[in-house]
Amino acid sequence: MRKKSSSAKPTNRIMDPGSFLSDHSRSFDAFRYVYPVVSRRSAGLSVGVNVNPNKVCSFSCRYCQVDRGSPAALARVDLDLLFDEVDALLDLAQSGRIFSHPRFEHTPEEWKRLNDVAFSGDGEPTSYPLLGEAISGVQNILDERGAGHVKTIVLTNGTRLGDAEVRARLEVLAARPYEIWVKLDAGTQTYFETISGKKLALDRIVDGIATLARTLEVTIQCLVPTLHGSDPGDDEIVAIADRVRFIANQGGRVKLVQLHTTARRPAHPEIGRVSDDRLECIGQLLRTRLDMPVAIYPGRDWE
Ligand code: SF4
């Protein structure tokens, strides 16, 4: 049974302006760790959970929209308060009251539904040592609220999946409906270092993804931006497809490949979005190389 926090509770006061699709702000009302998002990808409402308020991440993606130039608002996670916030935001979502908020009032009727709870946020969720406890606690809240059918999603950049302890944090997901979205933006070591901003070994990261995927089904998330006006090119896309095939050939279960481009203002101005037509071509190229579904999510200008 989760404990009730003695900390200040979030209120159900609704005051943030903005449109429901363009505003993916992680700041909503008085909440510190949770935020609501309506997106085309979920075709409904996703409750985001940020277990990295300190903004620590093992990548430094060129397209990241997290502002690491400003100090983090919170240094650590208060798990009891996080659970209280999840409960309060789910209450807003399940009652439908959230859709009277100015940010969500234009949500299409068919999207006025709770789709998932997603561990995402300002860094790498698997780096949070209590991630397993956080997942279990959220799943219990969903059960208590009669929403045990709602899936829990964890987004990860994949850097730590070679670590058995980290994989164990994710294994609790299997108790309920779940998805794991693993970032894979590059197929070659050179482009990987360019786009991730880190000199880590891509081979080892892909090995870690394959190891996890042998136990837990994964969705591969591939974000393709332009860099100084150019996308990574067909050879890089083929190399990404080869990496995904490697994961599948290792016995990994890959449910889906999600192909994205940028849709939010990145930290670096040299990053742009791939046009809808070009993204469709890239998606078709992936489909010719992979024996699995590829979903294409067009970007959006942020000016
Ligand atoms: S992995 Fe995510 S949070 Fe980390 S730098 Fe990349 S986009 Fe930002």
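When a ligand or atom number is given, it counts from 1 through the structure's own listing order. Only heavy atoms go into these numbers, but all of them, side chains included; no hydrogens, no water, no symmetry mates.
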**Message:** Any heavy-atom pair between the side chains of Ser120 and Tyr35 that's under 4.5 Å?
**Reply:** yes
**Message:** What protein N/O/S atoms are there under 2.8 Å from atom 4 (Fe) of ligand 1, waters excluded?
**Reply:** Cys57 SG
**Prompt:** Is the Phe192-Phe59 ring centre distance short of 6.0 angstrom?
**Reply:** yes
**Prompt:** Among protein heavy atoms, which lies nearest atom 3 (S) of ligand 1, and at what distance?
**Reply:** Arg68 NH2, 3.6 Å
**Item:** Trp181 vs Val218 side-chain heavy atoms within contact, under 4.5 Å
**Value:** no
**Message:** Can you confirm whether Arg169 sits close enough to Glu165 that some side-chain heavy atom of one is under 4.5 Å from a side-chain heavy atom of the other?
**Reply:** yes
**Request:** Indicate yes or no: at least one non-hydrogen side-chain atom of Asp185 is less than 4.5 angstrom from one of Gln221.
**Result:** no
**Request:** For Asp163, check salt bridge (charged side-chain N to carboxylate O under 4.0 Å, His left out) against everything at least two apart and list the hits.
**Result:** none
**Request:** Look at atom 2 (Fe) of ligand 1 and say which protein heavy atom is nearest, naming residue and atom and giving the distance to 0.1 Å.
**Result:** Lys183 CE, 4.2 Å
**Prompt:** Hey, is CG on Asp235 packed in by over 12 heavy atoms from elsewhere, all under 6.0 Å?
**Reply:** no
